[in-house]
Protein chains: 2
Amino acid sequence: MKEDNKQTLFQAIADVQRRRILEILKTGEQSVAEINDKLDISGATLSHHLTILKQADLVRVRRAGQKRIYTLNTSVLEQLLIMFKNLTGQSGE
Amino acid sequence: MKEDNKQTLFQAIADVQRRRILEILKTGEQSVAEINDKLDISGATLSHHLTILKQADLVRVRRAGQKRIYTLNTSVLEQLLIMFKNLTGQSGE
DNA sequence: TTTATATTTAGATTATCATCGAAATATCTA
DNA sequence: TAGATATTTCGATGATAATCTAAATATAAA
């Protein structure tokens with residue numbers, strides 16, 4: 001993975017709200033409004049965070065009527081875990 | 001682990017120079033000057049990054065004459081790996 | 001004890017980032 | 001088509017953060 005993408009990924013998970021969004025999405029795909037119910041930030045701020053997570057390819061979106069449904073992208077999460085192991089030399093076992 | 005410490009950890013690894021420092025230390029303990037030889041930043045900036053890594057408890061220091069020798073703190077790296085796995089929902093195997 | 005070496009601290013600058021309210025866009029429904 | 005709902009975009013603001021040079025501190029050597 002290119003260093004730029006790596007940086008985008010590590011940066012994306014550096015924010016506590018974005019990590020919360022990822023954990024919320026772990027429980028299943030959800031609309032923006034549903035995610036927003038579980039956080040204490042404005043819609044504009046949530047939208048901003050979702051943009052960053054999208055850029056990092058950590059989440060995917062699809063439309064459903066007026067709603068937009070966000071899901072986790074597990075393959076990138078796997079890559080992230082591998083990069084972390086490489087970073088630290090931890091085998092994880 | 002407290003959310004504050006978690007944030008400190010994720011923040012610490014969000015910077016590319018600090019990740020480089022961790023990778024440099026993977027090859028073994030080193031003095032500040034030795035680390036600096038492998039990076040293209042000023043001594044002051046390196047010192048700043050080392051402070052942040054120390055606060056996150058990702059590295060440890062000991063003195064040896066005028067030098068200060070930095071080492072990785074593997075136990076915190078293990079904890080961080082666990083947090084990564086939790087975040088990503090990946091078993092890692 | 002003066003000088004050299006190693007590293008940190010101080011202070012300043014510039015850039016990035018999280019956040020908000022308001023406005024814009026897009027879709028659906030009546 | 002008009003109004004309601006869902007989400008994003010705009011523009012601004014305050015807070016952090018990365019970086020540098022210069023000065024300070026600490027240790028070692030001459």
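Note that the structure is a prediction, hence the values are computed from the model and not measured. Just so we're on the same page: letters track the sequence lines, and every chain starts at 1.
- Of the side-chain N and O atoms in A:R63, none sit less than 4.0 angstrom from OP1 or OP2 of C:dA26.
- Comment: B:R60 does not engage B:E29 in a salt bridge, judged by the lack of any side-chain N to carboxylate O separation of less than 4.0 angstrom.
- Side-chain contact check for B:Q30 and B:K38: at least one donor-acceptor pair (N or O, by modelled atom type) lies under 3.5 Å.
- Between A:Q66 and A:I41, it is A:I41 whose nearest contact on DNA chain C lies nearer the 5' terminus.
- Mapping B:L46 and A:S42 onto DNA chain C via the closest heavy atom, the residue that lands nearer the 5' end is B:L46.
- Distance from the side chain of A:T51 is smallest to D:dT9 among C:dA26, D:dT7, D:dT9.
- Base contact: B:A44 has a heavy atom under 4.0 Å from a base atom.
- Within 4.0 Å (heavy atoms only), B:I52 reaches sugar-phosphate atoms of the nucleic acid but no base atom.
- Using a 4.0 Å heavy-atom criterion, one finds that A:G43 contacts the bases of the nucleic acid, with or without backbone contacts as well.
- In terms of heavy-atom proximity, B:I41 sits nearest to B:N36 at O-OD1, 3.1 Å.
- OP1 and OP2 of C:dA6 both lie 4.0 Å or more from every side-chain N or O belonging to B:Y70.
- Within 4.0 Å of A:H48, counting heavy atoms only, lies at least one base atom of the nucleic acid.
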